[in-house]
Amino acid sequence: MDASLIEKLDRRRYRLSVWKTASFIVFWAGVMLAPYVCDKPAKIVFWSLFAVGAAVFVPVAFRLALLESRIARDEELNRALNNEMYRHYLYLSMSWGFWLMIGIAFAAICVIQLFGVVVSALTICAGLIYVGIVFQKVAQLIYNR
């Protein structure tokens with residue numbers, strides 16, 4: 001297999017991953033913050049963030065899935081681009097995301113107990129999932145640089 005093709009596909013996968021992570025951060029931030037804003041102009045801004053982020057996220061995720069499918073189908077590309085180091089970095093980033101979620105859950109429980117803050121379970125769960133996914137994706141980008 002041509003080394004330039006492997007490098008090109010690796011750069012494309014990284015670039016698409018950056019766009020996917022950034023658009024996920026934007027569109028889920030809009031979704032999570034919109035219910036807590038009271039005035040209509042601010043709600044419009046947050047729902048616009050959601051729309052723009054989703055408009056970028058969906059096609060980028062689709063293109064990344066097509067690229068991963070192409071890599072998986074070609075045995076030589078798969079061996080070169082999904083090697084042990086790449087999988088190790090993926091597992092490390094998943095571990096970081098998981099432990100961050102556990103740490104934030106513990107901190108949220110402590111804050112709620114100490115200060116008597118009233119927060120809905122849905123807000124806490126959505127926040128934990130959001131932070132865990134974002135941190136995992138950012139760690140994956142850092143490791144795979």
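These numbers were taken from a predicted model, which means no experiment stands behind them.
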Transitively linked via ILVMFWY side-chain contacts under 4.5 Å: [X] with [Y]?
| X | Y | value |
| --- | --- | --- |
| Trp96 | Val131 | yes |
| Leu90 | Leu64 | no |
| Ile133 | Val60 | no |
| Phe115 | Phe106 | no |
| Ile129 | Ile104 | yes |

Check your understanding: So which heavy atom on Pro59 is nearest to which on Ala54, and how close?
Key ->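 Between these two residues, the closest heavy atoms are CD-O, 4.2 Å.
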Does the side chain of [Y] come within less than 4.5 Å of [X]'s, by heavy atoms?
| X | Y | value |
| --- | --- | --- |
| Tyr86 | Leu81 | no |
| Gln140 | Tyr14 | no |
| Ile112 | Ile124 | yes |

Rounded to the nearest 0.5 Å, how far does [atom2] of [Y] lie from [atom1] of [X]?
| X | Y | atom1 | atom2 | answer |
| --- | --- | --- | --- | --- |
| Tyr89 | Met85 | OH | CE | 5.0 Å |
| Ser95 | Leu100 | OG | CG | 11.0 Å |
| Asn78 | Asn83 | CG | CG | 9.5 Å |
| Arg13 | Ile71 | CZ | CD1 | 4.5 Å |
| Asp10 | Leu67 | CG | CG | 9.5 Å |
| Glu84 | Arg79 | CD | CZ | 13.0 Å |

Show me, pair by pair, the donor-acceptor contacts under 3.5 angstrom made by side chains of residues 20-41, not counting sequence neighbours?
from	atom 1	to	atom 2	distance (Å)
Thr21	OG1	Ser17	O	2.9
Ser23	OG	Trp19	O	2.9
Ser23	OG	Lys20	O	3.1
Tyr36	OH	Thr123	OG1	2.2

**Study point:** side chain to side chain contact (heavy atoms under 4.5 Å, CB included) between Asn82 and Glu68, intermediate numbers included
**Key:** CA-CA 10 Å; Asn82 289 334; Glu68 291 291 343; 4.3 Å; yes
Review point. Can any side-chain N or O of Ser48 pair as donor or acceptor with the backbone N or O of Ile44 at less than 3.5 Å?
Key: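 Checked: pair present.
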Exercise for review: State whether the number of non-hydrogen atoms from other residues, nucleotides or ligands found under 6.0 Å of Phe62 atom CZ is greater than 12.
Suggested key: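 No - once you tally the heavy atoms of other residues, nucleotides and ligands closer than 6.0 Å, there are 12 at most.
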